[in-house]
Colleague: 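Handing you this structure, nothing more for now.
Values below: all heavy atoms of this structure, side chains included; hydrogens, waters and symmetry mates excluded.
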Amino acid sequence: MMSRAVTDPSSQTSRQVDWESFVNRLFGCIDNRDWQGLSDILHDEAVYERPGYAPFVGKPAIMDFYLTKRIISRGRHVVEKVLSDGANIACWGSFSGFGKDGANLGAGFADVYRIRDGRIDLRRTFFDSPAV
């Protein structure tokens, strides 16, 4: 894992970023349904691409996905590895949880992110099975 100095959007001071912690914070927000925390990690002009959906363009569209469209009711992501060059991040791991219909869900995933101003401005998700 590589780190580099970027601007922290909350303090506007330069600091070293631990990209593994950044990714774990992202999934912690998602798994714990901390929507304000998730919103804080996203750039206002962020785009989220995932199988089975048209791209979600802008923070409001991404937040609407999590609040109203996501088929998962609860679950947990386990991140196996995070790699970064400071401007881009790649990670992979597994997810297990439950759908809104009560069905057990599980999949391997890989995500890639582009970072702008210390926040995610592009996220692409890939699954090892049909979209969850």
Side-chain angles (χ1 to χ4, degrees):
M1 177 179 60
M2 298 167 49
S3 296
R4 74 172 222 188
V6 297
T7 301
D8 178 336
S10 63
S11 69
Q12 297 302 312
T13 61
S14 196
R15 66 178 173 91
Q16 282 298 110
V17 173
D18 175 348
W19 294 113
E20 186 172 352
S21 294
F22 182 89
V23 169
N24 284 320
R25 178 176 166 219
L26 167 71
F27 288 117
C29 290
I30 293 168
D31 294 347
N32 294 311
R33 304 174 60 84
D34 174 4
W35 305 132
Q36 183 59 54
L38 176 60
S39 180
D40 292 345
I41 293 171
L42 299 173
H43 192 279
D44 290 343
E45 299 171 1
V47 175
Y48 181 26
E49 299 173 357
R50 63 182 284 138
Y53 297 89
F56 300 100
V57 179
K59 187 189 297 191
I62 296 168
M63 297 310 300
D64 182 63
F65 165 73
Y66 280 101
L67 293 168
T68 67
K69 294 175 177 64
R70 189 174 188 233
I71 66 167
I72 297 166
S73 66
R74 66 184 188 281
R76 182 168 183 264
H77 293 82
V78 175
V79 177
E80 295 174 21
K81 186 72 174 175
V82 176
L83 301 172
S84 178
D85 66 4
N88 302 283
I89 303 170
C91 73
W92 56 91
S94 60
F95 171 82
S96 61
F98 298 92
K100 289 180 180 175
D101 63 359
N104 284 322
L105 299 174
F109 72 88
D111 265 2
V112 293
Y113 313 95
R114 184 177 60 212
I115 304 300
R116 180 168 38 138
D117 301 328
R119 297 179 183 186
I120 296 168
D121 96 324
L122 175 66
R123 178 181 177 198
R124 288 188 180 125
T125 298
F126 304 90
F127 299 111
D128 69 353
S129 56
V132 292

Colleague: Could you go through the side-chain contact (heavy atoms from CB on, under 4.5 Å) check for M63 and L42 one step at a time?
Modeller: CA-CA 10 Å; M63 297 310 300; L42 299 173; 3.9 Å; yes

Colleague: Can you name the one residue among T125, V79, V82, V23 that meets side-chain contact (heavy atoms from CB on, under 4.5 Å) with D111?
Modeller: T125

Colleague: To the nearest 0.5 Å, how far apart are CG in L26 and CZ in R123?
Modeller: 5.5 Å

Colleague: Should R25 and D34 be marked as a side-chain contact (heavy atoms from CB on, under 4.5 Å) after you check the CA-CA gap, both sets of side-chain angles, and the distance that decides it?
Modeller: CA-CA 10 Å; R25 178 176 166 219; D34 174 4; over 6 Å; no

Colleague: Quick one: does D117's side chain have a donor or acceptor within less than 3.5 Å of a partner on R119's backbone?
Modeller: no

Colleague: Can you classify the ring geometry of Y66 versus Y48 as parallel (below 30°), tilted (30 to 60°) or perpendicular (above 60°)?
Modeller: parallel

Colleague: Please report the closest heavy-atom contact between A107 and F127, naming both atoms and the distance.
Modeller: CB-CD2, 4.4 Å

Colleague: Out of curiosity, does Y113 fall in the hydrophobic cluster containing V57 (side-chain heavy atoms, cut-off under 4.5 Å, transitive links)?
Modeller: no

Colleague: Please examine the side chains of E45 and D121, heavy atoms only from C-beta on, and report whether any two atoms are closer than 4.5 Å.
Modeller: no

Colleague: Counting N and O atoms only, with roles assigned by atom type, does the side chain of N24 sit under 3.5 Å from a partner on the main chain of E20, one being a donor and the other an acceptor?
Modeller: yes

Colleague: To the nearest 0.5 Å, what is the distance between SG on C29 and CZ on F27?
Modeller: 11.0 Å

Colleague: If I take atom CZ from residue R33 and atom CD1 from residue I72, how far apart are they, to the nearest 0.5 angstrom?
Modeller: 10.5 Å

Colleague: Ignoring hydrogens and angles, write down the donor-acceptor pairs under 3.5 Å from the side chains of residues 87-100, residues two or more places apart or on other chains.
Modeller:
| residue | atom | partner | partner atom | Å |
| --- | --- | --- | --- | --- |
| N88 | ND2 | D85 | OD2 | 3.4 |
| K100 | NZ | R70 | O | 2.9 |

Colleague: Can you get from I71 to W35 by hopping between Ile, Leu, Val, Met, Phe, Trp and Tyr side chains that sit under 4.5 Å apart?
Modeller: yes

Colleague: Under the side-chain contact (heavy atoms from CB on, under 4.5 Å) rule, what do I115 and I120 come out as? Steps first, then yes or no, please.
Modeller: CA-CA 5 Å; I115 304 300; I120 296 168; 4.0 Å; yes

Colleague: Can you tell which of R76, H77, R74 makes a side chain to side chain donor-acceptor pair (under 3.5 Å) with D31?
Modeller: H77

Colleague: Could you label the plane-to-plane angle of the F56 and Y53 rings as parallel, tilted or perpendicular, counting under 30° as parallel and over 60° as perpendicular?
Modeller: tilted

Colleague: Is there a side-chain contact (heavy atoms from CB on, under 4.5 Å) between R116 and L122? Walk through the geometry before answering.
Modeller: CA-CA 9 Å; R116 180 168 38 138; L122 175 66; over 6 Å; no

Colleague: What closest approach, in Å, do G106 and S129 show between heavy atoms, and which atom pair accounts for it?
Modeller: O-OG, 4.2 Å

Colleague: With a 4.5 Å cut-off on side-chain heavy-atom distances among I, L, V, M, F, W and Y, is there a chain of contacts connecting F109 to F65?
Modeller: yes

Colleague: Between atom NZ of K59 and atom CG of D44, what is the distance when rounded to the nearest 0.5 Å?
Modeller: 4.5 Å

